[in-house]
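Quick notes on the structure that follows.
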Amino acid sequence: MADELSKAITELANPVLKLEGFHRLRRREFIRSSGSIVQRLDFQVNSWGGRDFCVNVSANLIASNEFVTLQPGFRLSNYDGRNSWLPSMTMGEAEASVKVVIGLIREQAFPFFARTNSVEGFSDILDQEDWASSHHLKFQQGVAAALLGDANGAKGRLNDAIRLYEADGRDWCFAKIDKAMKLCEALDAGSDGQLLTKWEQENSEIHGVV
């Protein structure tokens, strides 16, 4: 089956996103990096067939994310507030849908990216978030505070994350506890900058930043 969506993205969306500093990482995925932050637009095709698609918008701190996540972030929505799933089976559908998406990107994604284009703005966004996985949120807030040079604020949030990971108790939590503890120790020793740079270098390829 022809990938009409990728063709429409190439013709219509790619020039708009390129002007904003995004580059195409994969056929339906775009990223822009700004220092410690990578911002992402992902055109997600419905895995059940039919070629309907939506667009996910997200930003990640590279140092604190070993995987690409959609938090903080959101899915582009229609004007009625519902998630926007649009058709792309035919070239006509794909082109019409991508034109709609470009408008939604301008109205919804670009303001979010402007707010998360610095660690200060990213930290402000995190302070407004409410995640079900509150230990992950506290860890992200701790890393952001460390990047901003707020050692006491970083250690407070990292210690909160450690307690929440301990309460969760699943096997994978122990690796996160270890990372949080290592960053607390580095903050005490004044070597947090080197540690965060090391984490960023380790995670950069996963985020498509080379």
Side-chain angles (χ1 to χ4, degrees), residues 1 3-34 37-62 64-90 92-118 121-141 144 203 206-209:
M1 180 183 295
D3 188 347
E4 305 295 358
L5 176 58
S6 290
K7 295 176 186 176
I9 290 170
T10 298
E11 180 181 347
L12 301 171
N14 188 51
V16 173
L17 295 174
K18 189 174 182 180
L19 284 174
E20 295 294 326
F22 285 83
H23 74 268
R24 199 170 189 170
L25 184 62
R26 298 180 182 86
R27 283 186 302 170
R28 297 188 290 270
E29 188 175 358
F30 294 82
I31 65 168
R32 180 176 72 179
S33 59
S34 175
I37 299 161
V38 60
Q39 301 172 325
R40 188 176 308 269
L41 279 162
D42 169 32
F43 290 70
Q44 177 187 340
V45 176
N46 189 335
S47 59
W48 295 97
R51 306 300 295 177
D52 285 3
F53 74 97
C54 65
V55 179
N56 300 307
V57 179
S58 62
N60 287 171
L61 287 176
I62 300 171
S64 53
N65 285 280
E66 298 93 343
F67 306 98
V68 174
T69 73
L70 296 179
Q71 290 180 302
F74 57 92
R75 181 169 288 166
L76 292 181
S77 60
N78 287 316
Y79 300 105
D80 59 6
R82 293 183 298 177
N83 289 341
S84 183
W85 286 90
L86 298 168
S88 70
M89 181 70 76
T90 67
E93 286 180 341
E95 289 180 347
S97 294
V98 170
K99 287 177 182 177
V100 170
V101 161
I102 290 170
L104 296 176
I105 287 172
R106 287 193 171 110
E107 293 177 11
Q108 299 174 23
F110 285 170
F112 171 78
F113 290 140
R115 295 175 66 197
T116 57
N117 207 36
S118 67
F122 194 97
S123 180
D124 288 343
I125 290 285
L126 288 178
D127 287 343
Q128 299 168 31
E129 294 281 296
D130 182 17
W131 299 356
S133 301
S134 54
H135 36 25
H136 291 327
L137 178 56
K138 291 295 183 182
F139 181 76
Q140 297 298 323
Q141 290 172 332
N203 296 339
I206 293 166
H207 290 276
V209 179

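The basis for the numbers below is simple: all heavy atoms, side chains too, and nothing from hydrogens, waters or symmetry mates.
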Handout entry: Minimum-distance pair of heavy atoms, taken over all atoms of Phe30 and Asn14
Key = CE2-OD1, 3.2 Å
Handout entry: Polar contact flag, side-chain donor to acceptor under 3.5 angstrom, Gln140-Asn65
Key = yes
Exercise for the section: Find the distance between CG (Leu76) and CZ (Phe43) and round it off to the nearest 0.5 Å. Expected result: 8.0 Å
Exercise for the section: Could you grab the distance from atom CG of Leu5 to atom OG1 of Thr90, nearest 0.5 Å is fine? Expected result: 11.5 Å
Handout entry: His23/Ile31 under side chain to side chain contact (heavy atoms under 4.5 Å, CB included): CA gap, chis, key distance, verdict
Key = CA-CA 6 Å; His23 74 268; Ile31 65 168; 3.4 Å; yes
Practice task
Identify which one of Leu41, Ile105, Leu104 satisfies the side chain to side chain contact (heavy atoms under 4.5 Å, CB included) criterion when paired with Val57.
Solution key: Leu41
Fill in the blank from the handout: Heavy-atom closest pair (Phe53 atom, Pro87 atom, distance to 0.1 Å) is CE2-O, 3.9 Å
Problem - Distance-minimising heavy-atom pair for Leu61 and Phe122 - result: CG-CE2, 3.5 Å
Exercise for the section: List the steps and the verdict of side chain to side chain contact (heavy atoms under 4.5 Å, CB included) for Glu11 and Val98. Expected result: CA-CA 10 Å; Glu11 180 181 347; Val98 170; over 6 Å; no
Exercise for the section: Go through Gln141 and Glu129 one step at a time and tell me if the side chain to side chain contact (heavy atoms under 4.5 Å, CB included) criterion holds. Expected result: CA-CA 10 Å; Gln141 290 172 332; Glu129 294 281 296; over 6 Å; no
Practice task
Look up atom CZ in Arg75 and atom CG in Asp42, then write down how far apart they are to the nearest 0.5 Å.
Solution key: 9.0 Å
Practice task
Say whether, by atom type as modelled, one donor and one acceptor occur between the side chain of Ser34 and the main chain of Ile37 under 3.5 angstrom.
Solution key: no
Problem - Heavy-atom check, side chain of Trp131 versus side chain of Lys138, under 4.5 Å - result: no
Completion exercise
OG (Ser33) and CG (Asn60) are apart, to the nearest 0.5 Å, by 12.5 Å
Handout entry: From Ser133 atom OG to Phe139 atom CZ, the distance as rounded to the nearest 0.5 Å
Key = 13.5 Å
Practice task
Show your reasoning for whether side chain to side chain contact (heavy atoms under 4.5 Å, CB included) applies to Phe74 and Gln108.
Solution key: CA-CA 9 Å; Phe74 57 92; Gln108 299 174 23; 4.1 Å; yes
Exercise for the section: Can you measure from CD (Gln71) to CG (Leu126) and round to the nearest 0.5 angstrom? Expected result: 10.0 Å
Handout entry: Check: Arg32 side chain, Leu17 main-chain N or O, donor-acceptor pair, under 3.5 Å
Key = no
Exercise for the section: Give the minimum heavy-atom separation between Leu12 and Lys99, together with the two atoms involved. Expected result: CD1-CG, 4.0 Å
Practice task
May I ask you to test the Arg27-Ile9 pair for a side-chain heavy-atom distance under 4.5 Å?
Solution key: no
Exercise for the section: Evaluate whether atom CZ of Arg115 has more than 12 neighbouring non-hydrogen atoms of other residues, nucleotides or ligands under 6.0 angstrom away. Expected result: no
Exercise for the section: Examine distances only and state if a side-chain atom of Glu4 and a backbone atom of Glu93 form a donor-acceptor pair shorter than 3.5 Å. Expected result: no
Problem - 4.5 Å side-chain heavy-atom contact, His136 and Thr69 - result: no
Handout entry: Check: Thr116/Gln39 side-chain N/O donor and acceptor closer than 3.5 Å
Key = yes
Problem - Mutual orientation of the aromatic rings belonging to Phe113 and Phe22 [parallel < 30°, tilted 30-60°, perpendicular > 60°] - result: tilted
